[in-house]
Amino acid sequence: MAEAFDPREIEPKWQRIWMESGEYDVSSDDPRKKSYVLCMYPYPSGSAHQGHVRNYTFGDLNVRYRAMNGEAVLSALGYDSFGLPAENAAIKTGIHPRTFTDARISELRDSLIRLGAVYDWRRELKSHDPTYMKWSQYIFIKLYEAKLAYKAMAPVNWCPGCKTVLANEQVLSDGTCERSGDLVIKKDLEQWFFRITEYADELLEGIEDLDWPEQVKTMQRNWIGKSVGVELDLQVVGSDDLAVRVFTTRPDTGFGITYAVISPEHPDLWRLVKKECKVEVEEFLDEVRSRSEIERLSVDMTKSKRGVRTGSYVVNPFNGKEVPLFVADYVLAHYGTGAVMGVPGEDQRDYDFAKVYDLPVIRTVLPPTNFDGEAYAGEGEKINSEWLNGLSVSEAKDRAIRWLEENGIGKSKVNYRLRDWLVSRQRYWGCPIPIVKCKTCGYVPVPFEELPVIAPDDVEFLPTGESPLSRHPEFKKANCPKCGGPAERETDTMDTFVDSSWYYLRFADPFAEDKPFDKDVIAKWMPVDQYIGGIEHAILHLLYARFFTKALSDIGLVPSDLREPFKRLFTQGMVRLNGSKMSKSKGNLVAPLSYFDTVGADSLRLFHLFVGPPGDSFDWTDQTDTIIEGCHRFLQRVWRLALGQAESFPGVTISTVDRKPTDSDLEVRAIVNKTIDKVTSDYERWSYNTAVAALMELTNTIYRKSAEGVSKEVFDEAVDSLIKMLAPMAPHMTSEVWERLHGGSVFKTGWPKADPAFLVSSEDTLIIQVGGKFRDKLTVPSDISYEDALELALASPKVRAVIRDKAPSKVIAKLPRLLNIVV
RNA sequence: GCCCGGGUGGUGGAAUGGUAGACACGGAGGCCUCAAAAGCCUUUGCUCGAAAGGGCAUGCGGGUUCGAGUCCCGCCCCGGGUACCA
């Protein structure tokens, strides 16, 4: 008798084999069909957490499944290793971010190896590696040269106590600093931007053809937020040259304008505020400065002061009426023109505002008779609008735009909600922006030979008012690469989203030495065939990466026909504990390592696959451990079955005999083939939980049937299929079993194919309903006729008991599955 | 606030508009054992009933349909994103 299933014994063995054999290394000249499976590269938070386990289990399963189907699968691992936590740790403990990060990378690498994930390890990369930084900076310069990077003023969160810039997550909901408790203010700094808005339309159009979850596509469309409308000028009363330009998507509602609003940051603000309102406006601006953007857009209109009068009035160009001008915080400076017209009849937010400030409401669209809301934003007939009366909303829009344009008051305009990407970070632990500022030459890129620009190690991390790099005189001092004169080095670093916007390209060609990657090699592997990551990245990372691919394609670094990086996307659900995302920063981790030491990685992988649909998040609870143990028991059961140990346990006898297959054997064969069919389609549609369930059922069936006696040939065939289908899920155990049974690797055997002969059956279950309610079921021939089915149904005592003497008024038949008798 | 999801037994979940609860976890009972663990078998939504059998049931309220967990409308609650967490 062979020994019991002990993951602690076999898992390290196979991990060593996979690592040393290099069997998952791939090269560009591989003749097999190329395949690129990628998990979003992780922020190295130390040993893997359950979210990682989930992500990499799905990733590794896909890699192994595709490999079993004969594809050359590119699988690589890297680390998003710049970022805030390492810098915070440095401030707290004095440990250098590199030391801190490298230690955590090796922990993460170890835990992913222990999970059994396989990679082409030659391609491993990390954002903070000088080689990687060199090419990040090179790409930045290319974008700058292509006029896709520029500098502009933008506000940051500034903590007066810490004298430092804060990330949004470091600002508490009451607007104070999480560290010092000081009230955080907005401060304007000159910062670098990427011109992602240049690609707004293409980013929007491109969504169409992506094989991505509809949910993510919708989120991206809304984020880009294309809106077609018109810009028009509202003349300021008592001034010849001053007008407030507003953007609206509803020019048809012009006759309903009863006020106008400018944003607190509007450049003309102080020209518009009358003397008598000055004090009040100043007080209001102080209040607004402490509010975050989300707060500005979210606070209930009726609960707090949202705006004050400027004292100025503007003229409604449609009817010449003078309406008051307000300054209010729900209008944002960077969207549209930073000013809006107030139409309370057709916009709910305007309605709320008008109620608070006692402004008139004029409806310009006739709501449906049953409408009992406040503002009405729907379709309808125009009213109260003079020459627009009687038209539909869209007709009136066209007419109003034409009128505004003919009279030189306004013109058509397309606006996007999407803003340019602010890439500057006033931090140390990021990739330095490779620019030198010269008084005479302006912003000059650092010459190629001097890349990468690497931040010095001897910096002071304690917050004293400036970013660590700008306080380092030697680093800051530079000579202008153009004129040679004295100059200043840029001390901002890049947003870590820059690193994650091109790593998938470097994975395809990490061997290039004189360029970030070779175009032909990119053409071989890109796009990524299956990208896998958390739903929390649905917008920012995925949009930035799409932008990079398009920009690099236009610049010529990647093939011109490569316009989208990720062909197919799967967004996994999150692991939650006590109601919120399980993460290191929240301190609510359940470490996977302890499971590796007990039930093993295979059991944990199987658990993550089995516990629910991969796209759903799930809550880690007190009962989770028992489910993991259940998965472990299932693997043990398969182990015993496959290695013929089942009979050594009381209550089970497996009898296999050398004989020709009987009818009972054919039954087992049919189940095996049906399972192959189901599991294969479940793999394809990412329904791993039901695939596991099907394998459990198959296992139960083999046990039960073999207790009755089954031919050795059929039994072996069933077990082999089971092991193969389980292999991408539980690679260690299945490898070990396969080696013991047959020698060699289960992953080189190919994915099992179902024999179609076993998938069709001559009988079906006919459901009989009366009035849509289930009453009986019958086993019938698959080709049963309507007449026969109805006769059988009416003959059923259960049906007769309900129908009694009533005559069927209608019969709905979906043969051979369903018959519904309506009486 | 806005955008995107979700809500089904004691628990995780299953279910091309057609038998609600597959597969597990947990519970109950049994077999094996000196005993236990492990393993194996039976049973398990709620409710009425001795049983046969019936009724109820997919967050709440409406609607469409012969038929709704599934589609539509309106609510409630929970989660993700909201541009410097990644």
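First the proteins, then the strands, lettered A, B, ... as listed; each starts at 1.
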More 5' along RNA chain B: Pro155(A) or Lys810(A), using each one's nearest nucleotide?
Lys810(A)
Map Cys631(A) and Glu214(A) onto RNA chain B by nearest heavy atom, then report which one ends up closer to the 5' terminus.
Glu214(A)
Does any part of the side chain of [Y], heavy atoms only, come nearer than 4.5 Å to the side chain of [X], both counted from C-beta?
X	Y	result
Leu210(A)	Gln220(A)	no
Leu77(A)	Tyr41(A)	no
Asn157(A)	Lys186(A)	yes

Pairing partner of [N] (Watson-Crick or G-U wobble, both distances under 3.5 Å):
N	answer
rU33(B)	none
rU58(B)	none
rU11(B)	rA24(B)
rG18(B)	rC66(B)
rG5(B)	rC78(B)

Any idea which of [options] is nearest the [X] side chain?
X	options	value
Ile539(A)	rC84(B), rG81(B), rG80(B)	rG81(B)
Leu418(A)	rA14(B), rC4(B), rA83(B)	rA83(B)
Glu536(A)	rC84(B), rA15(B), rG80(B)	rG80(B)
Phe774(A)	rA83(B), rA15(B), rU19(B)	rU19(B)
Ile812(A)	rC84(B), rC66(B), rG80(B)	rC66(B)
Met219(A)	rC66(B), rG80(B), rC85(B)	rG80(B)

For each nucleotide in nucleotides 6-13 of chain B, reading 5' to 3', give B when a protein heavy atom comes within less than 4.0 Å of its base, S when such contact involves only the sugar-phosphate, and - otherwise.
----BSBS
Give the table of side-chain donor-acceptor pairs shorter than 3.5 Å for residues 771-779 of chain A, with sequence neighbours excluded, one pair per line with atom names and distance.
from	atom 1	to	atom 2	distance (Å)
Asp776(A)	OD2	Ser796(A)	OG	2.7

Hey, what do you get for CH2 (Trp639(A)) to CG (Asp6(A)), rounding to the nearest 0.5 Å?
8.5 Å
In whole Å, I'd like the distance from the [atom1] atom of [X] to the [atom2] atom of [N].
X	N	atom1	atom2	result
Arg179(A)	rC85(B)	CZ	P	14 Å
Arg633(A)	rC23(B)	CZ	C1'	14 Å
Trp686(A)	rA14(B)	CH2	C1'	20 Å
Leu818(A)	rU16(B)	CG	P	15 Å
Lys777(A)	rG18(B)	NZ	P	17 Å
Trp429(A)	rC85(B)	CH2	P	19 Å
Glu629(A)	rA38(B)	CD	C1'	13 Å
Arg417(A)	rG1(B)	CZ	P	16 Å

Please indicate whether Arg817(A) has more than 12 foreign heavy atoms, meaning atoms of other residues, nucleotides or ligands, lying under 6.0 Å from its CZ.
no
According to a strict under-4.0 Å criterion, is [X] in side-chain N/O contact with OP1 or OP2 of [N]?
X	N	result
Asn222(A)	rC2(B)	no
Arg576(A)	rG79(B)	no
Asn700(A)	rC23(B)	no

Just checking, any donor-acceptor pair under 3.5 angstrom between side chains of His128(A) and Ser81(A)?
yes
Asn700(A) versus Arg637(A), side-chain donor and acceptor atoms under 3.5 Å
yes
Suppose we call two aromatic rings close when their centres sit under 6.0 Å apart. Are [X] and [Y] close by that rule?
X	Y	value
Tyr330(A)	Phe353(A)	yes
Phe570(A)	Trp686(A)	yes
Phe607(A)	Trp620(A)	yes
Trp421(A)	Phe193(A)	no
Tyr199(A)	Phe194(A)	no

Heavy atoms only, 4.0 Å cut-off, all strands: where does [X] land among base, sugar-phosphate and nothing?
X	result
Ile821(A)	nothing
Val811(A)	nothing
His541(A)	nothing
Ile767(A)	base
Val692(A)	nothing
Ser500(A)	nothing
Arg427(A)	base
Leu84(A)	sugar-phosphate
Gln170(A)	nothing
Phe634(A)	nothing
Trp223(A)	base

Any protein N or O atoms within reach of nucleotides 51-56 of chain B? Criterion: under 3.5 Å, listing atom names and distances.
none

Short N-O contact, Lys151(A) and Glu490(A), less than 4.0 angstrom:
yes
Anti or syn - rG9(B), cut at 90° from 0:
syn
What about Gln191(A): does its side chain form a donor-acceptor pair under 3.5 Å with the base of rC84(B)?
yes
Does any donor-acceptor pair link the side chain of Gln769(A) with the base of rC66(B) at a separation under 3.5 Å?
no
Rounded distance in Å between the [atom1] positions of [N] and [M]:
N	M	atom1	result
rG79(B)	rU19(B)	C1'	33 Å
rG45(B)	rC40(B)	C1'	26 Å
rA51(B)	rA38(B)	P	34 Å

